[in-house]
Amino acid sequence: MFDSSVINLLLVATIAGLAMPAGAMLSTRKSIQPQWLEQELRHGILALGAGALISAVGLVLVPKGAMDLSVFGVVACFVSGSLAFMSLDIFLAKKKTAGSQLAAMLSDFVPESIALGATAALGGSTLLLGALIAVQNLPEGFNAYREMLPKNKKRSNKLIIIFVLMALLGPIFSLIGYFFLSQFPVITSGIMLFAAGGILYSVFQDIAPQIRMENHWLPPLGGILGFLVGVVGYILES
């Protein structure tokens, strides 16, 4: 039914999506002793996600997105993404909902999955982008679950199931990118840059301020590690 490229795409998209429930399950672990180690781990996971997000923006989304658009188009899509994510942030803050991290996670996972499918359709490798999506989904799943758990303590197992079901959005939207949007490279490029602008806004607004700890210097190394994932993948594919 599907050729090898589609099967490979579905495999990569599924693994990348399953990083969300994997992160959620990681956050269910009991307190780590000593207490300072638990704090460093949490901040390090945040930094890991931030590094991977920046890597996805700098090495994949912006370079690929800029290929089929004018400078004005690049700037317009990038800024639009930033403003859209800012508006979402403001809306969620006013609603005081416990799902802000969840919404942010899906807001970048969906367009990245579309970009993954379009990349595969155009003959590009999905390994780098898939790895970056997985690396950023892990800490985002970790944080989203912890944010939602206080109001859903009696439904913790159902939350995990919800995260697993959300992982299926990856294969679904990657197929949309593969079979449909790959025929419209300008639209696909716009989606990539829109997502890039929104992701970068989220990093500086929501993630980066939470990484730093007084008198602790190891957590930011998670950001370096996350970025290096993209660097190594980029070198291997060059």
Side-chain angles (χ1 to χ4, degrees), residues 12-32 36-61 85 88-89 92 98-113 115-116 128-150 152 156 159-160 162-167 169-170 195-196 198-213 216-233:
V12 171
T14 300
I15 292 173
L18 287 175
M20 290 188 292
M25 292 178 68
L26 180 62
S27 72
T28 63
R29 292 186 62 85
K30 301 297 182 181
S31 297
I32 300 172
W36 67 265
L37 181 58
E38 180 182 2
Q39 290 297 316
E40 291 227 348
L41 176 63
R42 185 173 66 84
H43 284 256
I45 290 174
L46 281 169
L48 174 67
L53 286 166
I54 293 172
S55 184
V57 169
L59 298 177
V60 179
L61 296 176
F85 275 55
L88 177 63
D89 215 22
L92 292 173
S100 59
Q101 287 284 346
L102 179 65
M105 179 173 63
L106 292 178
S107 295
D108 56 57
F109 179 52
V110 169
E112 284 176 350
S113 297
L116 188 69
L128 173 59
L129 183 54
L132 290 173
I133 295 173
V135 171
Q136 72 191 48
N137 278 345
L138 183 70
E140 286 184 334
F142 182 94
N143 294 323
Y145 183 85
R146 282 206 168 185
E147 182 185 53
M148 297 177 70
L149 187 59
N152 298 274
S156 57
L159 280 180
I160 298 292
I162 290 172
F163 276 59
V164 172
L165 292 176
M166 288 191 302
L169 293 175
I199 289 169
L200 206 56
Y201 170 84
S202 296
V203 169
F204 289 117
Q205 175 65 17
D206 299 323
I207 302 177
Q210 301 179 55
I211 294 173
R212 185 176 181 274
M213 294 174 63
H216 292 273
W217 295 273
L218 288 178
L221 290 180
I224 303 300
L225 178 61
F227 190 83
L228 281 177
V229 171
V231 173
V232 172

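In this text, all values refer to a predicted model and were calculated from it rather than measured experimentally. Index from 1, following the sequence. Only this structure's heavy atoms are used, side chains among them; waters, hydrogens and symmetry mates stay out.
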For Ala115 and Leu61, work out which heavy atoms get closest and say how close. CB-CD2, 4.4 Å
Minimum heavy-atom separation for Tyr145 to Phe163, with atom names? N-CZ, 3.8 Å
Listed partners of Gln136 passing side-chain hydrogen bond (donor to acceptor under 3.5 Å, both in side chains), at least two apart: Asp108, Glu112
dist Leu116:CG -> Leu128:CG (nearest 0.5 Å) comes out at 10.5 Å
When rounded to the nearest 0.5 Å, the distance separating CD1 of Ile160 from CG of Leu165 is 11.5 Å
Expected list for residues 13-23: side-chain donor-acceptor pairs under 3.5 angstrom, two or more places apart:
{"residue": "Thr14", "atom": "OG1", "partner": "Leu10", "partner atom": "O", "Å": "2.7"}

